[in-house]
Amino acid sequence: MAKKQPKNKIEQVQELIPYGSDHPITAKQISKLTAIPLRGVYGIVRYLLVHGNVPIGVLRDDDKHGYFIITSEEERQATLAPLCSHAKEIEERISCIKAIQIE
């Protein structure tokens with residue numbers, strides 16, 4: 001009988017992210033459960049979203065925060081709203097920095 005291969009870090013993280021936004025998991029929780037450093041968890045989540053085409057959402061509410069797999073259009077919009085707002089703020093900062101005259 002062949003030995004079962006241990007799961008790689010990407011698989012470990014992906015399996016911990018729940019479907020739907022009812023019970024999101026934080027990066028800190030994932031780090032604790034997998035022993036992957038926090039920065040590594042962030043990188044893996046980004047990799048899964050950008051390269052793995054996994055629809056990972058994030059909640060940043062006071063009472064509920066963490067990652068989840070998006071399962072509805074409502075969850076997609078809940079993820080996009082704060083991201084779009086943050087992107088707009090960053091664009092404003094970029095414009096200001098570009099416009100400042102440096103002697």
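Positions are given from 1 along the sequence. Only heavy atoms go into these numbers, but all of them, side chains included; no hydrogens, no water, no symmetry mates.
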**Request:** Measure the CD-CD1 distance between Gln14 and Ile56 for me, rounded to the nearest 0.5 Å.
**Result:** 7.0 Å
**Asked** Which pairs with one or both residues in residues 58-83 pass ring-ring contact (aromatic ring centres under 6.0 Å, His included), sequence neighbours excluded?
**Response** none
**Message:** Once side-chain contact (heavy atoms from CB on, under 4.5 Å) is applied, do any residues pair with Glu73, and if so which ones, sequence neighbours excluded?
**Reply:** Arg76, Gln77
**Item:** Heavy-atom side-chain contact between Ile69 and Pro55 under 4.5 Å
**Value:** yes
**Message:** So, using side-chain hydrogen bond (donor to acceptor under 3.5 Å, both in side chains) as the criterion, who are the partners of Glu75 when residues are at least two apart?
**Reply:** Ser21, Thr71
**Request:** For Ser95 and Glu91, indicate whether the former's side chain and the latter's backbone hold a donor-acceptor pair under 3.5 Å.
**Result:** yes
**Heavy atoms from other residues, nucleotides or ligands near CG of Asp22 exceed 12 (cutoff 6.0 Å)** = yes
**Request:** Can you sort out the partners of Glu92 under salt bridge (charged side-chain N to carboxylate O under 4.0 Å, His left out), two or more places apart, ordered by chain and number?
**Result:** none
**Request:** Could you list all the side chain to side chain donor-acceptor pair (under 3.5 Å) pairs where at least one residue sits in residues 24-33, not counting sequence neighbours?
**Result:** Thr26-Gln29
**Message:** Is there a side chain to side chain contact (heavy atoms under 4.5 Å, CB included) between Ile17 and Val54? Walk through the geometry before answering.
**Reply:** CA-CA 10 Å; Ile17 300 174; Val54 178; over 6 Å; no
**Asked** So which heavy atom on Pro18 is nearest to which on Pro24, and how close?
**Response** CG-CA, 4.1 Å
Output side-chain donor-acceptor pairs under 3.5 Å for residues 34-49, partner residues at least two apart or in another chain, one line each.
residue	atom	partner	partner atom	Å
Thr34	OG1	Ile30	O	2.7
Thr34	OG1	Ile36	N	3.2

**Complete:** For Arg60, the side-chain hydrogen bond (donor to acceptor under 3.5 Å, both in side chains) test, sequence neighbours excluded, returns none
**Prompt:** Taking only residues two or more places apart in sequence, or in another chain, which ones meet Glu15 in a side-chain hydrogen bond (donor to acceptor under 3.5 Å, both in side chains)?
**Reply:** Lys7
**Asked** Quick one: are Ile25 and Leu33 in side-chain contact, heavy atoms under 4.5 Å?
**Response** yes
**Spacing of OG1 belonging to Thr79 relative to CD belonging to Glu74, to within rounding of 0.5 Å** = 11.0 Å
**Message:** Among residues at least two apart in sequence or on other chains, which ones pass side-chain contact (heavy atoms from CB on, under 4.5 Å) with Ile97?
**Reply:** none
